[in-house]
Amino acid sequence: MIIRARGVAKRFGTKRVLEGLDLDVERGSFLLVTGPNGSGKTTLLRLVAGLLVPTSGELDVDAERSGLGFLAHEPLVYRELTALENLQLFARLYRVPEARERIGMLLERFGLWNVRNERAGSFSRGMLQRLALCRTFLHAPSLLLLDEPYNALDGAGAELLDRELAAHAGTYVVATHEPQRLTPLATQRLAFT
């Protein structure tokens, strides 16, 4: 198991977000997480990423921090840097081998090659999402945690992401409001209410 949760609960003050969650995710699985806003999808991803600690219960994630790829609601890129500079920075942080080739390939694949030298702050929300996806896939993580990955993507961007998700080997935990789009890839489902 790459993720094992037993009785996991998370509270923020008096508000219960997760209560008594039991979950097993095998390496190579694709867990599709659905539910309304405020049901705990983002909290689950943040717990698995190590950004939050459970209030109670046990959560074991058998992945190195360097093997995690996390896509949040916010793009988590530096807006004063260009697309290329952002990816170069993250490549250094993750010690990506053959970083120049990997960066070029991702920028090309996600349709950002022609704007690689433009500041991210000038990008539309959809272009920022594409850059965030490049950042997430950059170090070829073994565990990908994607929170609403289709957010702000146009039709072409969504198709690019479809292809990337189908092609990239690894374990996925994906929270989405568009479960029908990812149902063919899902090996497990978790529905919050």
Side-chain angles (χ1 to χ4, degrees), residues 2-3 30-33 37 41-53 61 63-178 181-182 185:
I2 192 166
I3 302 169
F30 193 113
L31 173 62
L32 182 58
V33 184
N37 289 338
K41 299 184 305 294
T42 296
T43 299
L44 174 63
L45 267 62
R46 289 179 176 272
L47 285 165
V48 172
L51 299 173
L52 294 174
V53 177
V61 180
E64 297 291 324
R65 188 169 288 282
S66 62
L68 288 176
F70 181 61
L71 179 74
H73 280 286
E74 285 300 311
L76 303 178
V77 296
Y78 293 95
R79 295 179 190 237
E80 65 276 5
L81 299 179
T82 66
L84 184 59
E85 291 167 339
N86 263 288
L87 295 181
Q88 288 170 335
L89 171 65
F90 286 106
R92 283 194 299 276
L93 290 171
Y94 284 108
R95 296 184 174 98
V96 175
E98 300 177 4
R100 185 176 174 170
E101 292 80 9
R102 179 88 177 139
I103 290 168
M105 181 267 301
L106 284 167
L107 287 169
E108 184 72 35
R109 186 176 295 169
F110 280 95
L112 296 174
W113 180 255
N114 291 336
V115 294
R116 66 189 178 280
N117 293 315
E118 293 181 23
R119 286 183 44 235
S122 70
F123 284 7
S124 69
R125 181 62 183 96
M127 290 169 67
L128 281 172
Q129 186 75 349
R130 287 180 185 220
L131 181 57
L133 287 162
C134 289
R135 175 192 52 76
T136 304
F137 284 101
L138 179 62
H139 57 293
S142 59
L143 176 57
L144 288 117
L145 309 170
L146 309 178
D147 197 356
E148 299 296 345
Y150 292 93
N151 186 30
L153 292 179
D154 60 11
E159 288 176 13
L160 287 168
L161 180 55
D162 288 342
R163 285 195 296 274
E164 193 65 27
L165 293 175
H168 182 84
T171 305
Y172 287 91
V173 179
V174 182
T176 183
H177 288 298
E178 298 183 52
R181 182 163 209 127
L182 294 171
L185 297 174

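Predicted, not measured: the structure shown is a model, and the values here were computed from it.
Contact detail for Gly126 and Leu153: the closest heavy-atom pair is O-CD2, 3.9 Å. Closest approach of Leu131 to Asn86, counting heavy atoms only: CD2-ND2, 4.2 Å. Thr136 and Pro141 make their closest contact through O-CG, 3.4 Å (heavy atoms, listed as atom of the first residue, atom of the second, distance). Of all the heavy atoms in Leu128 and Ala120, the pair that sits closest is CD2-O, 3.5 Å.
Checked against side chain to side chain donor-acceptor pair (under 3.5 Å), Asp154 has the following partners two or more places apart in sequence or in another chain: Arg130. With sequence neighbours excluded, no residue forms a side chain to side chain donor-acceptor pair (under 3.5 Å) with Gln88.
Surrounding CZ of Arg95 are at most 12 heavy atoms belonging to other residues, nucleotides or ligands under 6.0 Å away. Under a cut-off of 6.0 angstrom, the local environment of CZ in Arg46 is sparse, with at most 12 non-hydrogen atoms contributed by other residues, nucleotides or ligands. Shown here is Glu64, whose CD atom has no more than 12 heavy atoms of other residues, nucleotides or ligands within 6.0 Å.
Using a distance-only test at 3.5 Å, with no hydrogens or angles considered, a donor-acceptor pair links the side chain of Arg102 to the main chain of Leu138.
A donor-acceptor contact closer than 3.5 angstrom links the side chains of Asn37 and His177.
Separation of atoms CG (Leu93) and NE2 (His139) is listed at 10.5 Å; rounding is to 0.5 Å. Taking CD of Glu98 as the start and CZ of Arg100 as the end, the distance is 12.5 Å to the nearest 0.5 Å. Between the CZ atom of Arg181 and the CG atom of Asp162 there is a distance of 4.0 Å, given to the nearest 0.5 Å. The distance from atom CE of Met127 to atom CZ of Phe110, rounded to the nearest 0.5 Å, is 14.0 Å. With rounding to the nearest 0.5 angstrom, the CG atom of Leu89 is 10.5 Å from the OH atom of Tyr94. Within the model, atoms CG of Leu84 and CH2 of Trp113 stand 7.0 Å from one another, a figure rounded to the nearest 0.5 Å.
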Worked check of side-chain contact (heavy atoms from CB on, under 4.5 Å) between Arg135 and Leu87: CA-CA 6 Å; Arg135 175 192 52 76; Leu87 295 181; 4.2 Å; yes

CA sep, side-chain torsions, deciding dist, call: Leu185, Val174, side-chain contact (heavy atoms from CB on, under 4.5 Å): CA-CA 11 Å; Leu185 297 174; Val174 182; over 6 Å; no

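Between Leu44 and Leu145 there is no side-chain heavy-atom pair separated by less than 4.5 Å. Proximity of Leu182 to Tyr150: side-chain heavy atoms (C-beta onward) are separated by under 4.5 Å at one or more points. The shortest distance between side-chain heavy atoms of Phe137 and Leu144 falls below 4.5 Å. With contacts defined as side-chain heavy-atom distances shorter than 4.5 Å, the pair Glu148/Thr176 qualifies. Ile3 places none of its side-chain heavy atoms less than 4.5 Å from the side chain of Leu31.
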For residues 65-80, tabulate all N or O donor-acceptor pairs below 3.5 Å that involve a side-chain atom, not counting sequence neighbours.
residue	atom	partner	partner atom	Å
Arg65	NH1	Ala49	O	3.2
His73	NE2	Thr42	OG1	3.2
His73	NE2	Asp147	OD2	3.3

